Amino acid sequence: METERGSYPGTPTTRAAGDPSTTAQSGAVGRAVETGVERAGVLVKDALDKTREKVAEYRDKGLEQVSQDVAEYTRSQPVPALLIAAGVGLVLGMLLGRSRG
């Protein structure tokens, strides 16, 4: 097994910037990053669309609908609901505690 002087088997060797294998690897990484960014953009757009729909629905149906949805979510997902409530309480407590000090 041949290795460069001072390197160990299994460790990558340094290649010149114009090396074709380096160029191919960087192109593959660039395409993978581009694909990931496109997927993230689609997910964000979908989440934003769903949020806009919910806000419009709540605006039309009022506070009663919000109250019913929160109660339904709490019954179906008690642990996440409890963690969300604890997080909101912690943030509010920190904000209110700072204003007093």
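Quick caveat, the model's predicted, so the values are computed rather than measured. The analysis underlying the following values was restricted to heavy atoms, covering all of them including side chains, and did not include hydrogens, waters or symmetry mates.
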Can you list the residues that meet the side-chain contact (heavy atoms from CB on, under 4.5 Å) rule with Val88, with sequence neighbours excluded? Ile84, Leu92
Rounded distance [0.5 Å steps], CG in Leu43 versus CG in Leu48: 12.5 Å
Residues passing the side-chain hydrogen bond (donor to acceptor under 3.5 Å, both in side chains) test with Lys45, sequence neighbours excluded, are Asp49
Apart from Val55 itself, what residues make up its hydrophobic cluster when side-chain heavy atoms of I, L, V, M, F, W and Y under 4.5 Å apart count as a link, directly or indirectly? none
Test: salt bridge (charged side-chain N to carboxylate O under 4.0 Å, His left out). Region: residues 31-42. Which pairs qualify, not counting sequence neighbours? none
So, taking the atom named NZ in Lys54 and the one named CZ in Arg59, what distance separates them when rounded to the nearest 0.5 Å? 14.0 Å
Would a hydrophobic clustering, with Ile, Leu, Val, Met, Phe, Trp and Tyr connected at side-chain separations under 4.5 Å, put Val66 with Tyr73? no
Sequence neighbours excluded, the answer for side-chain contact (heavy atoms from CB on, under 4.5 Å) partners of Asp46 is Val42
Who passes side-chain contact (heavy atoms from CB on, under 4.5 Å) against Gln68, sequence neighbours left out? Glu64, Gln65
Test your reading of the model: is there a side-chain donor-acceptor pair from Ser67 to the backbone of Leu63, 3.5 Å cut-off? no
Pairwise distance CG(Asp69) to NZ(Lys61) - rounded to 0.5 angstrom: 8.0 Å
Linking I/L/V/M/F/W/Y whenever any side-chain heavy atoms sit under 4.5 Å apart, do Leu83 and Val91 land together? no
